[in-house]
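Following: one structure in structure tokens, then a few remarks.
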Amino acid sequence: MLLITCPVCGVEGDETDFHCGGEAHIKRPATDNPEDISADAQRDYLYARKNPRGLHFERWQCLRGCGKWFHAARDTTTLVFEKYYGITEPAPDLSQDSADKSTRS
Ligand SMILES: [Zn+2]
């Protein structure tokens, strides 16, 4: 079970109280003319997703509280949410945090 806290309204709950929107920071191919987008770029935009073992950046929606979307950095091995951040913010650099953890254990 995932334990999630909405960074907007503070509601806490499990994954049934939130909706996972999948991988965060997916960039739409930039063009003014959709016909200029290659088939490979379109395929990657629609279907290619990371499936890392470890830190993963995801989009989540708060269903039980405010209904807002937010980003979360979650460790897929421990299921612990390392950081919550705004939907318009870039992915945080958590490498220093990971280095701190590895030196503690
Ligand atoms: Zn909320």
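Counting starts at 1 for both ligands and their atoms, following the listed order.
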- Message: Does any part of the side chain of Lys68, heavy atoms only, come nearer than 4.5 Å to the side chain of Gln61, both counted from C-beta?
- Response: no
- Message: Could you measure the distance from the CD1 atom of Ile26 to the CZ atom of Phe57? Nearest 0.5 Å is fine.
- Response: 12.5 Å
- Message: Looking only at side-chain N and O atoms, does Asp14 offer a donor or acceptor that is under 3.5 Å from a partner on Thr16?
- Response: yes
- Report for the Zn ion (ligand 1), protein N, O or S closer than 2.8 Å, by chain and number, lists Cys6 SG, Cys9 SG, Cys62 SG, Cys66 SG
- Distance from Ile4 atom CD1 to Arg74 atom CZ, nearest 0.5 Å? 8.0 Å
- Taking the side chain from Glu82 and the backbone from Ala73, do they hold a donor-acceptor pair closer than 3.5 Å? no
- All side-chain contact (heavy atoms from CB on, under 4.5 Å) counterparts of Thr78, not counting sequence neighbours: Asp75, Val80
